[in-house]
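Chain A is the first sequence line, chain B the second, and so forth, proteins listed ahead of strands; every chain is numbered from 1.
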Amino acid sequence: MTNQADTDRFEQQRQEKLAQIEAMGIDPYGSRYDDVEPAAAAKARYRDDDESQRARCAGRIVLLRDIGKLIFITLRDRTGTIQVGLSKSLLTAQWPLAKLLDIGDIIGAAGKLGKTKTGEITIWVEDGGLTFLSKCLFQPPEKFHGLADIDQRYRQRYVDLWANPEVLERFQKRSTIVAAIRRFLTARGFLEVETPMMQTIAGGAAAKPFITHHNALDLDLYLRISPELFLKRLLVGGLERVFEINRNFRNEGLSRHHNPEFTMMELYQAYGDYRAMMDLTEEIVGACIETLGLNTKVQFGDAQIDFARPWRRARYADLLQEHSGCAVDDLPALRAKARALSIDDAGMDDAVLVNEVFETTVERNLTAPTFVIDYPAVLCPLAKRSRTDPRYAERFELFVVGMELANAYTELNDPAVQYENFLHQLRGQEESLTKMDTDYVTALKYAMPPAGGLGIGIDRLVMVLTGATTIRDVILFPLLKPVTPENK
RNA sequence: GGGAGUGUAGCUCAGGAGGUAGAGCAACGCACUUUUAAUGCGUAGGUCCUGGGUUCGAAUCCCAGCACUCUCACCA
């Protein structure tokens with residue numbers, strides 16, 4: 001698609017300007033530039049009645065209007081934009097440098113802070129106040145429409161971030177959300193920890209793992225699919241409240257809701273249970289909404305989501321009945337339903353089949369925040385069974401706009417039951433569950449306090465709170481097929 | 001993997017009932033000291049994704065492939 005000869009045509013012109021800048025004795029790649037004020041702050045403090053105001057900002061030239069002996073520049077930094085005015089009479093010796101500026105270049109601008117005739121707050125750069133900081137050698141995207149080619153936006157995120165300001169804003173919000181969660185949990189006495197990303201047994205979930213190899217030990221290792229079993233070992237160790245915000249890796253397909261590496265916040269709270277986790281989830285998400293300065297009503301595509309508490313809590317069996325018309329224990333009806341939905345049920349366990357029907361009929365309809373509670377116990381080998389009805393596990397999954405956003409259990413702390421569940425899992429299971437984590441069972445034998453555990457998918461939470469309908473819009477560098485010479 | 005769509009200038013996009021193509025922005029030149037996507041005049045810029053076929057002639061029609069998007073399937 002990109003014609004090399006043409007790319008060179010534009011780059012050539014900019015190379016020539018770079019050479020002219022060098023000929024002036026100026027380093028076209030700049031150096032340390034101190035005392036920079038954010039553009040937004042400079043604009044915010046401006047006062048009409050003060051002639052002595054000055055400002056010093058730095059950023060990228062995103063617009064440039066050359067009116068002969070006067071040039072107006074829109075300078076963008078991480079906080080926004082500010083106009084820079086370059087006038088021949090003010091700049092004097094630096095005027096030739098001003099005439100060499102291109103859109104995309106990075107400059108520093110210092111001078112009087114004032115207004116133009118039309119009322120735009122402007123830094124009127126004085127001689128010596130123009131600092132060349134870095135030359136952009138490529139033609140930037142179209143100034144009004146920005147970068148629209150979706151593939152190129154992800155591949156060249158470094159361009160996307162400044163060509164499309166809403167992209168930068170969304171990633172700033174992501175950072176704000178993660179910081180809010182850390183602050184909230186830390187204030188509650190949770191300790192942030194880091195557990196292994198490379199594990200000899202990929203436990204804590206059922207997913208296909210990525211495999212890597214440690215040379216010195218000649219040992220295959222798995223990138224973790226979950227930190228769960230390590231965090232619960234810490235409960236045994238007496239860290240009664242722990243959390244980790246980090247990447248999980250699952251070797252599965254890509255979609256609007258799935259990236260092979262994704263960020264999970266997982267926490268464990270001794271002496272809690274899954275109901276405590278529901279309250280905590282509402283509070284955590286509430287803290288994020290508050291920090292972002294949002295109303296509880298959030299727009300997502302065509303849907304409006306209302307996060308006002310409390311959120312709906314509905315039993316798995318009831319939702320199944322409501323959306324599929326089948327009772328959770330009516331297997332003939334569920335088999336029939338599965339066939340009607342063209343689910344391939346050959347060789348499928350009953351519980352797995354029920355869950356297939358659940359996923360196809362129920363999940364996509366859960367738009368408003370909904371805690372699905374009381375899952376069939378066989379689907380939850382790490383969760384404690386209900387004392388009142390052992391067919392069910394004390395587990396919830398939180399759904400919003402049809403997406404699983406969180407998952408929580410009352411944690412199973414009985415080593416004998418855990419051992420049995422592991423054994424049961426091993427029969428006919430996929431690769432992630434072929435090895436038993438016997439050390440985890442040993443840990444439970446040393447006594448793990450009863451506890452609640454919660455995982456929140458950070459990427460999906462950011463999607464919901466920023467209105468991003470694809471996970472790739474909340475991951476800076478999503479996984480893409482590499483560009484090869486053959487497919488270019 | 002199935003289905004649908006898209007691929008044209010650096011960027012954003014038109015167009016093309018078969019006769020080798022256009023706009024805006026960006027670039028280059030000229031003019032302009034208060035612009036706001038500055039403006040006006042001029043110039044330059046294209047393997048119309050790739051390969052094959054039909055045809056006197058293909059960017060357009062046909063076939064195959066590649067890439068991307070959406071969607072379905074897969075995914076505790």
**Q** Which nucleotide in the list B:C28, B:U35, B:U33 gets nearest to the side chain of A:Gln13?
**A** B:C28
**Q** Do you know the tightest heavy-atom contact between A:Lys337 and A:Cys326?
**A** CB-SG, 3.8 Å
**Q** For the pair made of CG in A:Asp66 and P in B:C30, what is the distance, rounded to whole Å?
**A** 11 Å
**Q** What is the distance, rounded to the nearest whole Å, between atom CZ of A:Arg153 and atom P of B:C68?
**A** 16 Å
**Q** Does B:U39 have a Watson-Crick or wobble partner in any strand here, with both distances under 3.5 angstrom, and which is it?
**A** B:A31
**Q** With sugar-phosphate meaning primed atoms plus P, OP1 and OP2, does A:Ser255 contact a base, only sugar-phosphate, or nothing at under 4.0 Å between heavy atoms?
**A** nothing
**Q** Please assess A:Lys135 against A:Asp102 for the test salt bridge (charged side-chain N to carboxylate O under 4.0 Å, His left out), listing each intermediate value before the final yes or no.
**A** CA-CA 8 Å; A:Lys135 184 68 196 167; A:Asp102 279 319; 2.7 Å; yes
**Q** Does A:Ala110 offer a backbone N or O that forms a donor-acceptor pair with the side chain of A:Arg56 under 3.5 Å?
**A** no
**Q** Considering every strand and a 4.0 Å limit on heavy-atom distances, what is the contact class for A:Arg256: base, sugar-phosphate, or nothing?
**A** sugar-phosphate
**Q** Counting any heavy atom closer than 4.0 Å, what does A:Lys115 reach on the DNA or RNA strands: base, sugar-phosphate only, or nothing?
**A** nothing
**Q** Give one of base, sugar-phosphate or nothing for A:Gly146, where a contact means two heavy atoms less than 4.0 Å apart.
**A** sugar-phosphate
**Q** If each of A:Lys88 and A:Pro141 is mapped to the nucleotide of RNA chain B with the nearest heavy atom, which maps nearer the 5' terminus, i.e. the 5' end?
**A** A:Pro141
**Q** Starting from C1' on B:C70, measure out to CG on A:Leu254 and report it in whole angstrom.
**A** 15 Å
**Q** Please state how far atom CG in A:Leu70 lies from atom P in B:U35, giving the value in whole angstrom units.
**A** 9 Å
**Q** Determine: side-chain N/O of A:Lys117 to OP1/OP2 of B:U35, distance under 4.0 Å, yes or no.
**A** no
**Q** When you check the phosphate oxygens OP1 and OP2 of B:A38, does a side-chain N or O of A:Arg65 lie under 4.0 Å from one of them?
**A** yes
**Q** Could you verify whether a donor N or O on one side chain and an acceptor N or O on the other, from A:Asn355 and A:Glu359, lie under 3.5 Å apart?
**A** yes
**Q** Report which part of the nucleic acid A:Asn355 touches: base, sugar-phosphate, or nothing (heavy-atom distance under 4.0 Å, all strands).
**A** nothing
**Q** With rounding to whole Å, what would you report as the distance between B:U71 and B:A64 at their C1' atoms?
**A** 24 Å
**Q** Using atom names, set out every protein N or O paired with an N or O of nucleotides 23-25 of chain B below 3.5 Å, distance rounded to 0.1 Å.
**A**
residue, atom, partner, partner atom, Å
B:C25, O3', A:Lys143, NZ, 3.0

**Q** Rounded to whole angstrom, note down the C1' distance from B:C68 over to B:G29.
**A** 38 Å
**Q** Please measure how far the P atom in B:G52 lies from the corresponding atom in B:A59, and state the result in whole Å.
**A** 12 Å
**Q** Could you tell me which non-hydrogen atom of A:Arg14 sits nearest to which non-hydrogen atom of A:Asp105, and how far apart they are?
**A** NH1-OD1, 4.1 Å
**Q** Rounding to an integer number of Å, can you tell me how far A:Asp149 CG sits from B:U12 P?
**A** 6 Å
**Q** Checking contacts here: which listed nucleotide (B:C11, B:C13, B:G45) is nearest the side-chain heavy atoms of A:Arg9?
**A** B:G45
**Q** Can you measure A:Lys99 atom NZ to B:C28 atom C1' for me and round it to whole angstrom units?
**A** 14 Å
**Q** Looking at A:Phe230, is A:Arg224 sitting on its ring face, NZ or CZ under 6.0 Å from the six-membered ring centre and within 45 degrees of the normal?
**A** no
**Q** Expressed as a whole number of Å, how far does the C1' atom of B:U12 sit from that of B:G2?
**A** 33 Å
**Q** Check every strand shown and say whether A:Leu63 touches a base, only sugar-phosphate, or nothing at a heavy-atom separation below 4.0 Å.
**A** sugar-phosphate
**Q** Considering Watson-Crick and G-U wobble pairs with both distances under 3.5 Å, what does B:G22 pair with?
**A** B:C13
**Q** Nearest whole Å is fine: how far is B:G1 P from A:Glu252 CD?
**A** 17 Å
**Q** Nearest to the A:Ile103 side chain among B:C13, B:A26, B:U35, which nucleotide is it?
**A** B:A26
**Q** Could you please name the partner base of B:U54, counting Watson-Crick and G-U wobble pairs only when both distances are under 3.5 Å?
**A** none
**Q** Is A:Met24 atom CE crowded by more than 12 heavy atoms from other residues, nucleotides or ligands, each under 6.0 Å away?
**A** yes
**Q** For residues A:Arg65 and A:Gln83, is any side-chain donor paired with an opposing acceptor at under 3.5 Å?
**A** yes
**Q** Tell me whether the count of non-hydrogen atoms from other residues, nucleotides or ligands lying under 6.0 Å of CZ in A:Arg247 goes above 12.
**A** no
**Q** What's A:Trp95 touching, base or sugar-phosphate or nothing? Going by heavy atoms closer than 4.0 Å.
**A** nothing
**Q** With the side chain of A:Gln83 defined as its heavy atoms from C-beta on, choose the nearest nucleotide among B:U35, B:C11, B:C68.
**A** B:U35
**Q** If you measure from the P atom in B:G42 to the same atom in B:G57, how many Å do you get, rounded?
**A** 39 Å
**Q** Quantified in whole Å, what is the P atom distance between nucleotide B:A26 and nucleotide B:C11?
**A** 15 Å
**Q** Over 60° means perpendicular and under 30° means parallel, so classify the ring planes of A:Phe72 and A:Trp124, tilted if in between.
**A** perpendicular
**Q** Taking only Lys NZ, Arg NE, NH1 and NH2, and the carboxylate oxygens of Asp or Glu, determine whether A:Asp389 and A:Arg391 approach each other closer than 4.0 Å.
**A** yes
**Q** If we take the P atom in both B:C25 and B:C41, what is their distance in whole Å?
**A** 10 Å
**Q** Roughly how many Å apart are B:A21 and B:C48, using the P atom of each and rounding to a whole number?
**A** 10 Å
**Q** Heavy atom of residues 393-401 of chain A under 4.0 Å from RNA chain B: which residues?
**A** none
**Q** Report yes if some heavy atom in the side chain of A:Tyr440 is under 4.5 Å from a heavy atom in the side chain of A:Phe422; otherwise report no.
**A** yes
**Q** If you pin A:Leu379 and A:Arg364 to their nearest nucleotides in RNA chain B, which one's is more 5'?
**A** A:Arg364
**Q** Take the protein atom CG of A:Leu64 and the nucleotide atom P of B:U39, then report the distance between them rounded to whole Å.
**A** 13 Å
**Q** Sort out the partner of B:A4 for me: Watson-Crick or G-U wobble, both distances under 3.5 Å, none otherwise.
**A** B:U69
**Q** Indicate yes or no: does A:Arg153 engage A:Asp473 in a salt bridge with an N to O separation below 4.0 Å.
**A** yes
**Q** Any idea which of B:G10, B:A76, B:U35 is nearest the A:Gln139 side chain?
**A** B:G10
